Amino acid sequence: MSSSDINETLANIMARRSVRMYTDQDVSDGDIMTILSAANQAPSAHNNQSWRFVVVKGVKKGELVDLVSRRAGDFPRPSSTLLRMASRSIASSPVTIAVINTGELIRHGTELFDVDKDIAYDFFRTMEIQSSAAAVENMLIAATSLGISTVWLGILFLIKDDVLDLLGEKGEFMAVVPVGYASRQSSGPTKRPLEMIVKKVE
Ligand SMILES: Cc1cc2nc3c(=O)[nH]c(=O)nc-3n(C[C@H](O)[C@H](O)[C@H](O)COP(=O)(O)O)c2cc1C
């Protein structure tokens, strides 16, 4: 893609990088709401919008950091290392957003579609996760467009029940995303060339 082809949206998609350490600068409530509006604008299976966002700051964020670093010791490497890294990212961010699937689509899916119960569960759970993943990606791109950095932390799945308890949430753990201003920019890992991953059939 030549740089002359790049509009603002593409530029932000290309510029997004996982950043794991942040400066002390706070992220304004207005920017958090803009980021969450972008997330909420994502497509969702059956338009179920089966996501919830928990904005974690202050004392609660400190409790989340303690929980993640304490539970890290219960796991062998590399999980323990990744959990410790995640706790440091959350600690260094001024605000962290947790994304939770409500389970609404899974609950109502079997009523909406006349398919086998086991297939229905897999189908709607997958649709719900894919919908929330679209919301998380919107969040990351919106943050990038505001000059704000993020990292998608999936490793907290290992302690998902504890995380949900701490946040007072039911449903299914989806992601935890620290949000802040990068302490240093990262160029990130290179992506595979398209020739490796694209096949054309006609
Ligand atoms: C579903 C998912 C889970 C991830 N979980 C973690 C994680 O637990 N810890 C972490 O440091 N990065 C995590 N990442 C970020 C990836 O490591 C990162 O996206 C990848 O290395 C590519 O780098 P980039 O985001 O800078 O392009 C996750 C990304 C995704 C999409």
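Any value given below was found using the heavy atoms of this structure, including those in side chains, with hydrogens, waters and symmetry copies removed. Atoms within each ligand, like the ligands themselves, are counted from 1 in listed order. Source: prediction; values computed, not measured.
A salt bridge does not link Glu128 to Arg125: none of the charged side-chain nitrogens sits closer than 4.0 Å to a carboxylate oxygen.
By the side-chain contact (heavy atoms from CB on, under 4.5 Å) test, Leu158 is found to be paired with Phe75, Ser79, Leu83, Ile155, residues two or more places apart in sequence or in another chain being considered. Take Lys57 and apply the salt bridge (Lys or Arg N to Asp or Glu O under 4.0 Å) test, not counting sequence neighbours, and it matches Asp26. With sequence neighbours left out, Thr9 forms a side-chain contact (heavy atoms from CB on, under 4.5 Å) with Asn7, Ile13.
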Exercise for review: List the steps, then state whether side-chain hydrogen bond (donor to acceptor under 3.5 Å, both in side chains) holds for Ser132 with Asn101.
Suggested key: CA-CA 7 Å; Ser132 291; Asn101 301 330; 2.4 Å; yes
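Contact of the Glu172 side chain with the Ile100 side chain is not registered, since no non-hydrogen atoms from C-beta on lie closer than 4.5 Å.
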Per-pair distances, ligand 1 N/O vs protein N/O, less than 3.5 Å:
{"from": "ligand 1", "atom 1": "5 (N)", "to": "Trp152", "atom 2": "O", "distance (Å)": "3.1"}
{"from": "ligand 1", "atom 1": "5 (N)", "to": "Gly154", "atom 2": "N", "distance (Å)": "2.9"}
{"from": "ligand 1", "atom 1": "8 (O)", "to": "Gly154", "atom 2": "N", "distance (Å)": "3.1"}
{"from": "ligand 1", "atom 1": "8 (O)", "to": "Ile155", "atom 2": "N", "distance (Å)": "2.9"}
{"from": "ligand 1", "atom 1": "11 (O)", "to": "Arg20", "atom 2": "NE", "distance (Å)": "2.6"}
{"from": "ligand 1", "atom 1": "11 (O)", "to": "Arg20", "atom 2": "NH2", "distance (Å)": "3.4"}
{"from": "ligand 1", "atom 1": "12 (N)", "to": "Arg20", "atom 2": "NH2", "distance (Å)": "3.2"}
{"from": "ligand 1", "atom 1": "14 (N)", "to": "Trp152", "atom 2": "O", "distance (Å)": "3.0"}
{"from": "ligand 1", "atom 1": "17 (O)", "to": "Arg20", "atom 2": "NH2", "distance (Å)": "3.2"}
{"from": "ligand 1", "atom 1": "19 (O)", "to": "Ser18", "atom 2": "OG", "distance (Å)": "3.3"}
{"from": "ligand 1", "atom 1": "25 (O)", "to": "Arg16", "atom 2": "NH1", "distance (Å)": "2.9"}
{"from": "ligand 1", "atom 1": "25 (O)", "to": "Arg16", "atom 2": "NH2", "distance (Å)": "3.2"}
{"from": "ligand 1", "atom 1": "25 (O)", "to": "Ser18", "atom 2": "N", "distance (Å)": "3.4"}
{"from": "ligand 1", "atom 1": "25 (O)", "to": "Ser18", "atom 2": "OG", "distance (Å)": "2.5"}
{"from": "ligand 1", "atom 1": "26 (O)", "to": "Ser18", "atom 2": "N", "distance (Å)": "2.8"}
{"from": "ligand 1", "atom 1": "27 (O)", "to": "Arg16", "atom 2": "NH2", "distance (Å)": "3.1"}
{"from": "ligand 1", "atom 1": "27 (O)", "to": "Arg17", "atom 2": "NH1", "distance (Å)": "2.9"}
{"from": "ligand 1", "atom 1": "27 (O)", "to": "Lys191", "atom 2": "NZ", "distance (Å)": "2.6"}

